[in-house]
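Input: a single structure, listed below in structure tokens.
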Protein chains: 2
Amino acid sequence: MNKEYILVTGAAGFVGSAVANRLNSLGFNTITIDNLSTGEKEVIPSETLFIEGNLGEQNTINKLNDYTISAIFHIAGQSSGEISFENPSYDLQSNTESTLLLLKFAQENKIKHFIYASTMSVYGNQSVLPVVETTNPNPSSFYACGKLASENYLKIYTTLGINVVCLRLFNIYGPGQNMKNLKQGMLSIYLAQALNDSKIVVKGSVDRFRDFVYIDDVVEAFLKAYKYSETNSFGTFNICTNKPRYVYELLDNIKKNCDNLIDIEIIDGTPGDQFGIFGSNWKAKNELKWEPKVDFDEGVQKMISWAKNNI
Amino acid sequence: MNKEYILVTGAAGFVGSAVANRLNSLGFNTITIDNLSTGEKEVIPSETLFIEGNLGEQNTINKLNDYTISAIFHIAGQSSGEISFENPSYDLQSNTESTLLLLKFAQENKIKHFIYASTMSVYGNQSVLPVVETTNPNPSSFYACGKLASENYLKIYTTLGINVVCLRLFNIYGPGQNMKNLKQGMLSIYLAQALNDSKIVVKGSVDRFRDFVYIDDVVEAFLKAYKYSETNSFGTFNICTNKPRYVYELLDNIKKNCDNLIDIEIIDGTPGDQFGIFGSNWKAKNELKWEPKVDFDEGVQKMISWAKNNI
């Protein structure tokens, strides 16, 4: 019998590499596709088979035909709201066209499980918080539009025999986050600036707030989603902590944990940025049997310790 | 001063040609882009400048650089839910990528008005009817997903200086409908079958229902939307009649108005088809100052008379 693989797209990135690593450690064989546009080859776990290419192109997908794949964890994609404004078409290709092509591939190859890395950005600005999965989406960036479109496409494919779980990931942080990409990841951006320049440039108000979830908890959510997809045809889940954390809290935390004196400069926000959001994880707790384990202060400390050695 | 044009995409199609015609008769200069994939060259009004090409390709959009354009009526696109299942990627390119490229063109050329032909399909199956503009979309075809994504992209561009109106068009019918395309247009499909074959093949239950709106009323909605966009940055409107019409009513009406004896065969429905939908036009009446003028029975009679001479 052929060796079976789980396809983890984007394993050269922060979340993809962590998920692939964990799957490897559990004894699964993993294969990845990544275009190395923001990810790095060294980040891909050594046990993971690597195909380099753009998922928005059929030629890349065709390279998968040599392998037996039992599940898809689609994590690759342009992941910066800010960059989506610079090139909306690239964002569409990277985040939506890729999903469509992978779904077609999954259907043709009778792959039953499709776990999708969606985002809290689909909610946009909302007057009622915390957001729940039934909140009417109000995307305010091209990135969010493309992710929401992918969710909708995925839902249709459940009628075509694929079991789908969409994880709406909130602000993920933790060791392994890309400290060189200054357009993605609030905590990693601030930390990189603090450690490199002793100065943090905050784009937008310090009263903005987010729901921060630790990388290990996110990886666990992917595993629970995979399990969920064995017996359910569709689910969408907020992966979050139920707690708003303000930008000023984050800044205080960084200042407290760094040895150097850090200046703060506040400039205009980025287009399409959400002012404040946090989510309810009630549904994830009840249906996915997932809940976050790592406390915010503990997580930030771990992240800072790691960052000091990896800058 | 340069001659100013209104760009009406898809003027080789049913709605696009009717809108361009009307704009021409009001003294506007019009220009169109159409790839003639389902439209026909002879349908394009003779006064309308014609550029042949795919709107999902930058090369086509670049051909507009020779003209001064004051407004965009984006009507072109793959318009069959059924076909969107055959080729989801083509649907995405035709309906969503095209919108993004046109929006970028509009922004670069400071075009202030963008009127978009969206669809009632974005609602999908809903338990509460009639649908209103705040009903949470639930797209059930790739076609609907792509149109909804376009709406979301358009809304973001209102923050970048473009005034946008999205018209959620319900089932449009009337003289000029393409009688050769048997995958788009419920009334035109049934009529073509009745007149050509004396047999109507109904895909799905005769208890399904739709909200039918006459082509002249739809054209009027585009004009009102253009006017609305002079003083408003964004609006989404149902263009419908508030009245459900059942498939069996339609069949009875056709039988009554055709001279030949007509057989009815009922087969399985098409994927992603909505069972029943009708909309509220309250918002269009109040804000757009639009309401439908043509009664269903009168409209169907006009359509059948026209079809008999154009089959």
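Below, chain A is the first sequence line, B the second, and so on; all start at residue 1.
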(Q) Taking Tyr143(B)'s backbone N and O only, do any of them form a donor-acceptor pair with Ser84(B)'s side chain (distance below 3.5 Å, no angle check)? (A) yes

Q: May I ask you to decide if Gly279(A)'s main-chain N or O and Tyr123(A)'s side chain share a donor-acceptor pair within less than 3.5 Å?
A: no

(Q) Testing the 3.5 Å rule here: is there a donor-acceptor pair between the side chains of Ser70(A) and His113(A)? (A) no

Q) Just by distance, with hydrogens left out, do Asn35(A) and Ser37(A) show a side-chain donor and acceptor under 3.5 Å apart? A) yes

For the candidates [options], which exhibits the highest count of non-hydrogen atom pairs separated by less than 4.5 Å from chain A?
options                                    : value
Leu101(B), Asn136(B), Leu160(B)            : Asn136(B)
Asn152(B), Thr96(B), Ile156(B)             : Ile156(B)
Ala149(B), Gly146(B), Pro139(B), Gly124(B) : Pro139(B)

**Q.** Parallel, tilted or perpendicular, as decided by the 30° and 60° cut-offs, for the rings of Phe73(B) and Phe222(B)
**A.** parallel

**Q.** Passing option when Ser118(A) is tested against Arg168(A), Glu151(A), His74(A), Lys147(A) for side-chain hydrogen bond (donor to acceptor under 3.5 Å, both in side chains)
**A.** Glu151(A)

Does any heavy atom of chain A fall under 4.5 Å from the side chain of [X], the backbone, both, or neither of them?
X         : value
Ser140(B) : backbone
Thr134(B) : backbone
Lys104(B) : neither

**Q.** Among Ser150(A), Pro137(A), Ser141(A), Ser89(A), residue most engaged with chain B (heavy-atom pairs, under 4.5 Å)
**A.** Ser89(A)

